[in-house]
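The structure appears below as structure tokens.
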Amino acid sequence: MNTPISSAIVPGPVRNWLENLSKGNLGSINVLAGESETFDVMDPGTASPLTSLPVSSEEVVGTAVRNARRAFEGGSWRNESPDQRERVLLKLADLVERDFQFLSVVEALDTGKPLEEAKFDIEEVATVLRYYAGWSNKVSGQTIATPFELSAMTIKGPVGVCAAITPWNYPLPILMYKLAPALAFGNSFVAKPSELAPLSAIYFAQLCEEAGVPEGVVNIVLGAGATGSALASNPDLDKIAFTGSSRTGQAIMTAAAKNTTKVTLELGGKSPQVVFASSNLAKSVEGVARGIWTNAGQVCVAGSRLIVEKSIKTEFLNELERFTNSYFVGHSLDSRSTMGPIISMAQQEKIRGVLDGAVSDGAELHEYGRVSDVAGFFQRPTVIDGLSSSHSTHQEEIFGPVITVSTFESEAEAIELANSTRYGLAAGIWTGQAGQGHRVAKSITSGTVWINTYGTFHPTLPFGGTKSSGFGRELGESAIDAYTELKTVVEDISE
Ligand code: NAD
């Protein structure tokens, strides 16, 4: 029988805040709410609502974009000195650290991920803010030599009103990959967090006010696809930054095309983990396991295809089983949990459907680890073996703790298998041979390749996809191009 997890395990201040939200007290003028419709925000670890929130209608989305436009044209932020923008971003990072415990618990409850993983995410938010704070006053253009009596230069200014539509799996870090550089370079911003995990964005809106971001510069709207669609179709945006599924990315690109709004798309993946027999087995097993089981496999860069050299397949899978059997799948605030639930019942059912389909197509299915008896949307870590690499389980993103297995006998075959899907987000290579990692990395089509490590992110490292995984890069210096507009200024100096 399922035992309900008591709401008493939720710390008092978080419980009070959630209660206030459900009464319509959103805590910040930066969050623009509707009046009639509401939606429930669930704890996927208990399958019960945490709070309920208002849906921002198309009209409210229009108001948010107008606020952002007014703030941009008014110049309160874009004409602010870069040093002051740096100070505000640094203050925001300090505030995130001040409220670290609160934000971590909110993010854990909302996404279902174990509290320790959520803490890691909130630490990353502060790091990203500090990284882009540093860039605020370091972006400059060029002077250009021409054959005429001209003085020519380029300058980099803000893009204008930027929109962000974000997913639920890393809610605040993914929002920060967009918001931090946008603010650093003087843009105004409208964000729609996922309806499945919007809470940390609402709290962050309050911190923006406290840090001194001027009114109208940051706007948050709430709701699901209809709110996102209203935002993506708004003709007064200068840019849309989207992270989410490939299908939604296509819809956003179509909406943006009608207004010639520029877009960057960070989409889904089906990332290969290529393991050569020469690799350090203990290290590659742990790397592959963490690469797929982290966040219950609900990660864009989840290493969801194991491509292992045939001679070590049995030994590798035995070790993977041994390692994975230590996992405990449970509630985010249960200290035993090393893996959380699937985000929603619909997604849990989708995964079960994929697994049942795989079995009817002849797969061997192995489910490992222990699972809590609370009523969450749990799925144990699962290995699918015995299906051809053209089977849909090898080709399509499952977005759960599920890894497929295929084998190779030569380096060329490994590369062919690695490149054999429509995605191109990330890849892992595990090898003990000098030179092989870089050689194979050059031949794999993806935005990131990790060699003898997996899933390492840092604000200094550009991130993004190729093929159906999208285009554009976030993080690192690449975000300067994404959030500034280049202007060429030419002057006649003949007289
Ligand atoms: P999703 O595409 O269902 O939703 C993402 C966001 O788009 C949400 O805010 C949602 O409300 C909104 N949305 C839905 N329909 C819309 C529409 N028609 N117009 C505008 N907005 C709309 O994705 P998800 O389930 O939240 O996240 C999982 C997906 O995100 C996976 O495919 C995963 O690989 C991908 N992802 C990619 C990255 C990356 O950096 N490449 C990172 C994390 C997640």
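Remember, it's 1-based here, ligands and their atoms both numbered in the order they're listed. For clarity, every value in this text was computed on a predicted model and none was experimentally measured.
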The option among Gly225, Gly249, Ala230, Ser245 carrying the non-hydrogen atom nearest to atom 2 (O) of ligand 1 is Ser245

Minimum non-hydrogen distance to atom 26 (O) of ligand 1, winning option of Tyr170, Phe463, Trp168, Phe399
Trp168

Are Trp17 and Tyr203 an aromatic pair, judged by ring center distance below 6.0 Å?
yes

Using the benzene-type ring in the case of Trp, are the ring centres of Tyr368 and Tyr327 under 6.0 Å apart?
no

Nearest protein heavy-atom contact for [atom]: which residue, which atom, what distance?
atom                    : answer
atom 44 (C) of ligand 1 : Asn169 ND2, 3.4 Å
atom 21 (N) of ligand 1 : Gly228 CA, 3.5 Å
atom 6 (C) of ligand 1  : Thr166 O, 3.5 Å
atom 36 (N) of ligand 1 : Cys300 CB, 3.5 Å
atom 4 (O) of ligand 1  : Thr248 OG1, 4.5 Å
atom 27 (O) of ligand 1 : Pro167 CB, 3.4 Å
atom 35 (C) of ligand 1 : Gly244 O, 3.2 Å
atom 12 (C) of ligand 1 : Ile165 CG2, 3.7 Å

Within a distance under 4.0 Å of any heavy atom of [X], pick out the atoms of ligand 1 and give their elements.
X      : value
Ser194 : 9 (O)
Leu425 : 41 (N)
Ala224 : 11 (O)

May I ask you to check if ligand 1 and [X] share an N or O to N or O distance below 3.5 Å?
X      : answer
Thr243 : no
Leu267 : yes
Glu397 : yes
Glu195 : yes

Charged N-O contact under 4.0 Å between Arg130 and Glu123
no

Are Glu396 and Arg422 close enough for a salt bridge, meaning some N to O gap below 4.0 Å?
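Between Arg422 and Glu396 there is a salt bridge, with a charged N closer than 4.0 Å to a carboxylate O.
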
Do Glu209 and Ser28 get their side chains close enough for a donor-acceptor pair, meaning under 3.5 Å?
yes

Charged tip of Lys156 within 45° of Phe185 ring normal and under 6.0 Å
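Checked: cation-pi criterion not met.
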
Would you say that Pro44 contacts Ile342 through its side chain, given a criterion of any heavy-atom pair below 4.5 Å between the two side chains?
no

At under 4.0 Å between heavy atoms, which part of Ile174 makes contact with ligand 1: side chain, backbone, both or neither?
side chain

Ignoring hydrogens and angles, write down the donor-acceptor pairs under 3.5 Å from the side chains of residues 109-118, residues two or more places apart or on other chains.
unit_1	atom_1	unit_2	atom_2	d
Asp110	OD2	Leu199	N	3.0
Thr111	OG1	Glu107	O	2.7
Thr111	OG1	Lys113	N	3.2
Lys113	NZ	Asp121	OD2	2.6
Lys113	NZ	Asn169	O	2.8
Glu116	OE2	Lys119	NZ	3.4
Glu117	OE1	Asn295	N	3.2

Ser229 side chain vs Ala226 backbone, donor-acceptor pair below 3.5 Å:
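The answer is no, because no donor-acceptor pair under 3.5 Å joins these two groups.
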
Less than 3.5 Å apart, which donor and acceptor atoms pair up between the side chains of residues 250-260 and the rest of the protein, not counting sequence neighbours?
unit_1	atom_1	unit_2	atom_2	d
Thr254	OG1	Gln250	O	2.8
Asn259	ND2	Ser233	O	3.0

What's the spacing between Arg305 CZ and Thr393 OG1 if we round to 0.5 Å?
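Those atoms lie 11.0 Å apart.
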
